[in-house]
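Take a look at the structure below.
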Amino acid sequence: MIIAIIILLVIILCGLGYIKSLLAQKETLQRQANMKRLFMRNISNEIRVPLRDINHVAPTIAEEGLYLSKSEKQAIAHRIVNNAGLIETLLDEIQVFSEGENVRLPLVLRTINPNFLCNRCVEENQISKKNDKVKLQFVRQMNNDFTIRTDPRLVELILNKLIQNSLRFTKEGEVTVGCNTTELYNRLVIFVQDTGVGIPENRKGMLFNWFEKPDDMFDEAELDLSIAQKLADQLDGAIQLDESVQRGTRIRIVLPLK
């Protein structure tokens, strides 16, 4: 009788352990599904930025009787090609998300002007900015003749993520974008600074970690920053939180000077 009771207890305990394991797996799968939904929602929002800019310039081309100079035509063509490249890079981002942190993206290196790139990102995001209480601006801190060789699609994608996150968490005040080579030795720094709510102390150490566990992520902003860090890694760069700022948030894209 005692042996039968012991066997029954063992069976019950094993059953409870199995049920607990199933519940844990279900919870993990649910978190993963939630993260995928967050990611796809972010991608949907991000892809609207280049699409809105294309829609913004398309009527200009079709306007009857409008004369465009050669330089104006080249500028419009450049914007369309650049936005198409951003959309292509967003598809690369999906690959990074789905296949994990060891994915290496094919880089298209070009010589770019950081001032021009920052200013263009500001202009593109002005179109999608919904809060009139927030001023989005570019501040020039270096000469326009400075150039760097990198993949502009990835840099612009990362910068757009940072700008959109700042706009999301800034209810009033400013979101400022700029770049310099004086802040860190032998590095180009592109920064986004806002007057928003800032980042909670207990989350600062986890902002840019690659999300191997779904519950490592606090919200969609951290999902964005995690992917931004991985994209910066592709450029031998990094994303950093500038903790010297007293109000709001200042995040830096740090790239090597090659």
Side-chain angles (χ1 to χ4, degrees), residues 46 49-50 53 57 69-86 88-90 92-93 105-127 129 135-167 174-195 208 224-225 227-245 248-258:
E46 288 177 29
V49 174
D53 195 45
V57 299
S69 67
K70 182 178 179 180
S71 61
E72 288 172 328
K73 291 178 182 178
Q74 289 175 339
I76 291 175
H78 177 77
R79 286 174 68 176
I80 293 174
V81 169
N82 181 71
N83 283 312
L86 278 177
E88 183 180 353
T89 305
L90 285 167
D92 289 336
E93 182 182 335
L105 300 177
L107 298 182
V108 181
L109 299 179
R110 298 210 313 263
T111 299
I112 64 165
N113 182 313
N115 277 346
F116 178 77
L117 185 145
C118 289
N119 192 49
R120 184 173 67 236
C121 283
V122 168
E123 290 178 351
E124 289 170 352
N125 282 278
Q126 293 283 10
I127 301 172
K129 183 171 72 72
K135 180 181 180 181
L136 175 59
Q137 62 181 348
F138 165 69
V139 292
R140 188 168 69 88
Q141 296 185 343
M142 57 194 305
N143 293 330
N144 283 332
D145 58 359
F146 177 84
T147 59
I148 185 174
R149 188 166 178 79
T150 186
D151 188 325
R153 297 179 309 151
L154 287 186
V155 177
E156 190 159 347
L157 178 59
I158 297 168
L159 184 52
N160 278 334
K161 282 182 178 296
L162 300 186
I163 292 173
Q164 289 159 25
N165 270 338
S166 283
L167 289 173
E174 299 176 345
V175 174
T176 303
V177 179
C179 54
N180 63 70
T181 56
T182 57
E183 198 166 322
L184 295 175
Y185 174 73
N186 203 31
R187 295 289 185 273
L188 171 69
V189 171
I190 300 175
F191 66 86
V192 178
Q193 183 168 346
D194 63 57
T195 56
F208 309 117
D224 260 352
L225 293 174
I227 294 175
Q229 178 69 284
K230 187 50 54 182
L231 296 175
D233 286 345
Q234 309 283 313
L235 301 169
D236 297 326
I239 308 294
Q240 298 176 350
L241 175 66
D242 184 351
E243 298 196 46
S244 66
V245 174
T249 303
R250 187 176 189 268
I251 294 183
R252 306 184 293 201
I253 307 170
V254 180
L255 299 173
L257 296 179
K258 297 181 179 179

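Since this is a predicted model, take the numbers as computed values, not measurements. Quick note: residue numbers are just sequence positions, from 1.
From Leu225, atom CG reaches atom CD1 of Ile251 across 5.0 Å, with rounding to the nearest 0.5 Å. To the nearest 0.5 angstrom, Leu117 atom CG is 5.0 Å from Arg120 atom CZ. Taking CG of Leu154 as the start and CG of Asp233 as the end, the distance is 11.0 Å to the nearest 0.5 Å. With rounding to the nearest 0.5 angstrom, the CZ atom of Arg110 is 8.5 Å from the CZ atom of Arg153. Going from atom SG of Cys118 over to atom CD1 of Ile253 covers 7.5 Å, rounded to the nearest 0.5 Å. Distance check: Asn165 CG to Asn160 CG gives 11.0 Å after rounding to the nearest 0.5 Å.
Side-chain contact between Thr249 and Ser166: absent, with no pair of heavy atoms (C-beta onward) separated by less than 4.5 Å. A heavy-atom distance below 4.5 Å is not found between the side chains of Asp242 and Phe191. At least one side-chain heavy atom of Cys179 sits less than 4.5 Å from a side-chain heavy atom of Met142. Residues Asp194 and Thr176 have side chains not in contact (no heavy-atom distance under 4.5 Å, counting atoms from C-beta outward).
Among all heavy-atom pairs drawn from Pro152 and Val108, the shortest one is CD-O, 3.7 Å. In terms of heavy-atom proximity, Cys121 sits nearest to Glu156 at SG-CG, 3.2 Å. Smallest separation of non-hydrogen atoms from Ala232 and Ile158: N-CD1, 3.6 Å. Heavy atoms only, all atoms of each residue included: Leu136 and Val122 are closest at CD2-O, 3.7 Å. The two atoms that bring Lys161 and Ala228 nearest to each other are CD-CB, 4.1 Å, heavy atoms only.
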Test side-chain contact (heavy atoms from CB on, under 4.5 Å) on Val175 and Val192; report intermediate values, then the result. CA-CA 7 Å; Val175 174; Val192 178; 3.9 Å; yes
Taking it one step at a time, do Asn144 and Asn113 satisfy side-chain hydrogen bond (donor to acceptor under 3.5 Å, both in side chains)? CA-CA 7 Å; Asn144 283 332; Asn113 182 313; 4.9 Å; no
Please report the C-alpha distance between Leu184 and Gln240 in whole Å, then the side-chain angles of each, then the deciding distance to 0.1 Å, and finally whether the side-chain contact (heavy atoms from CB on, under 4.5 Å) criterion is met. CA-CA 12 Å; Leu184 295 175; Gln240 298 176 350; 4.0 Å; yes
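No donor-acceptor pair closer than 3.5 Å links the side chain of Asn143 to the backbone N or O of Asp145.
Of the listed residues (Asn115, Thr111, Ile112), just one forms a side-chain contact (heavy atoms from CB on, under 4.5 Å) with Thr147, and that residue is Thr111. Considering Asp236, Thr150, Asp151 as possible partners of Leu107, the one that fulfils the side-chain contact (heavy atoms from CB on, under 4.5 Å) test is Asp151.
In this structure Arg187 satisfies the salt bridge (charged side-chain N to carboxylate O under 4.0 Å, His left out) test with no other residue, sequence neighbours excluded. Contacts of Glu174 classified as salt bridge (charged side-chain N to carboxylate O under 4.0 Å, His left out), with partners at least two apart in sequence or in another chain: none.
A salt bridge links Arg252 with Glu183: the closest approach of a Lys/Arg side-chain nitrogen to an acidic carboxylate oxygen falls below 4.0 angstrom.
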